[in-house]
Amino acid sequence: MSELIERTKQNIWQAISDYGKHTDQTSVMDDCTANFVNQLASDSCYAKQELRELFSKSPVWDANLDALVINGTRTHDPDPDRIYSLGTDILSEAIYRTDNRNLIYEAIRFFYDPNYEEQGIAAIKQLAPKAYAPNKKKSRVFKALCQALGVADETAGSDFQRLYAQFADELTSKKIGFKLYVSINPAHFITMSNPKGDHRGTTLTSCHSFNSTEYEYNNGCTGYARDKVSFIAFTVADPADKETLNNRKTTRQVFAYKPGNGLLLQSRMYNTSGGVYGASEDSKLYRDLIQREISMLENVPNLWKTYPTVGEKSFCVERGDGFGGYPDWEYENFDGKVSIRADHEEDFRSLVVGSYGLCVSCGCETSYGVYCEDCKDGRGGNYCECCEGYVDEELYSVRDRRGNWIEVCEDCRDENFAYCECCGEYWPNDCITEIDDRYYCDSCRDEYCSECYECEDYHHTDNMTEVVNARGDEVLVCEDCRDRYYEQCEGCGEYHIREEMTFVTLRDGDHAYVCEDCMDSYEICPHCDTMIERCEDGTCPECGAVIDEKEEDEAV
């Protein structure tokens, strides 16, 4: 154990170094002491010993990383036990209503036992003469068998469709085109989320980013590392660059398993897009790979049923005492899962996930953030909530992206925040918009300004005009777009799209635009076909003047 602990200490120090290489936000890493590293290494090595004994039986165990490395040399091979179980479930109705049940079992064996192919084909041909053909995909053969035996329910969402999809998927060998690290190494737990302020671009940062004290939840980095059941599955930007294992993860999930218990927790998927949304396929694949690995190592059939962690199975997972991490499995929209293996369906015990974290300064237990209260209070100076450093200078009150007041140093205020000329407060730079030569925070912008329907730029609402667009909706436009695309109707006074209005001549000879709804007061001059404002003689002013002059000449 002493050799393992020494190697783990080295891994942790290396992780701390790698984690700070691409960010200026290094105060937490700078405060990490030997007391912290030594305590974390010792606690984690002893706590994870049962998991280590199980994982180390695998041919893909990497002792230096304290992790399984499931990579492209591994193949998702069809699992005979799972094929048999799914096949008998799907055909159970046919099995129990016929005297040919032995023949059905022989047919099912065709799909999972390559040494029973000839007998299996013979059984299938007796049960469903048209089901089998040479080179026909096995999944299609099985579906034809189900149809012949009358158990194929093609209704969308039926149990048959659900189970058949699993059966067909299990028949297919798949090559894994990436490296999946399945780790119990505390170095990987403390770097589970990428560092805040990474110069290479922010990606997969979260409230568990170890170099941030903005949230208390990064207490969970060491809290997960010190419990008996948690392990972390992740991928990285470049597996050939060992540094990225500690500072450039691309996906990660916390799992939990107690050897021999048959109950597996899979928490939220985090990826470079934020996780959960669009991540269900990756999440399902990771779960499948880990279920297969655990079942293989425990030499039992890979037969699991999976349920949401929220709802009737919520009792399966408990938060450990003092755990200060984010328990994302407790939230429905984060898609946490528990899987129960068939051999422990009736006797599994709930998992206790997470424990107290450790203070990076003194190495003592704490359940809040990365510092205990004594070390947090004793660091001296004023604490800047932006750069997360302690300074002797005065702090300034600014708003964060959520509108909360925070205290920052002068350098951070001038570099990362901008002044809203409307409310007179400082906001993050990306929360400030320049509108009509003035600067507005998002809140003031939404209250006092509006987006022009045409050019989509923001302008002060008082300087905009309400118009009727082509769909008949009342919208706001800026003065430039109003003058470019719209005209004011002579009848109702509203602004409409110029192309959809009619150019008319008024009684006094002036010209104007009229909308369709106001055209009842206008008619076509019979002499020149001009649209005119209706008048007694029914002619436009110009034609009326000509007629009057002609009548005068005739009278003379």
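Since this is a predicted model, take the numbers as computed values, not measurements. For reference, positions follow the sequence shown, starting with 1. No hydrogens, no waters, no symmetry mates; every other heavy atom, side chains included, goes into these values.
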Is the shortest heavy-atom distance from the side chain of Leu4 to the side chain of Arg7 under 4.5 Å? yes

Taking NZ, NE, NH1 and NH2 as the nitrogens, is one of them in Glu365 or Arg226 under 4.0 Å from a carboxylate oxygen of the other? yes

Please check if any side-chain donor atom of Ser230 sits under 3.5 Å from a side-chain acceptor atom of Asp227, or the reverse. yes

Regarding His188 and Ser183, do their side chains bring together a donor and an acceptor under 3.5 Å, going by distance alone? yes

Taking side-chain contact (heavy atoms from CB on, under 4.5 Å) as the test, write out the residues that go with Ser283, two or more places apart. Gln253, Gln266, Met269

Mind checking what makes salt bridge (charged side-chain N to carboxylate O under 4.0 Å, His left out) contact with Asp347, not counting sequence neighbours? none

Partners passing ring pair (Phe, Tyr, Trp, His ring centres under 6.0 Å) against Phe231 (at least two apart in sequence or in another chain): Phe55, Phe255

Could you tell me whether Glu53 and Lys48 have a side-chain N and a carboxylate O separated by less than 4.0 Å? no

For residues 103-115, tabulate all N or O donor-acceptor pairs below 3.5 Å that involve a side-chain atom, not counting sequence neighbours.
| from | atom 1 | to | atom 2 | distance (Å) |
| --- | --- | --- | --- | --- |
| Arg109 | NE | Asp113 | OD2 | 2.9 |
| Arg109 | NH2 | Asp113 | OD2 | 3.1 |
| Asp113 | OD1 | Asn115 | N | 3.0 |

Check this for me, if you would: do Asp288 and Arg292 make a salt bridge, where the nitrogen-to-carboxylate-oxygen distance has to be below 4.0 angstrom? yes

Residues which pass ring pair (Phe, Tyr, Trp, His ring centres under 6.0 Å) with Phe348, listed by chain and number, not counting sequence neighbours: none

What do you reckon, is CG of Asn404 surrounded by more than 12 foreign heavy atoms closer than 6.0 Å? yes

Within residues 289-316 or reaching into it, pairs that qualify as ring-ring contact (aromatic ring centres under 6.0 Å, His included) - sequence neighbours excluded: none

Assess the residue pair Tyr356 and Phe323 against the criterion (ring-ring contact (aromatic ring centres under 6.0 Å, His included)); give the C-alpha distance rounded to whole Å, side-chain angles, the decisive distance to 0.1 Å, and a yes or no. CA-CA 5 Å; Tyr356 284 94; Phe323 180 59; over 10 Å; no

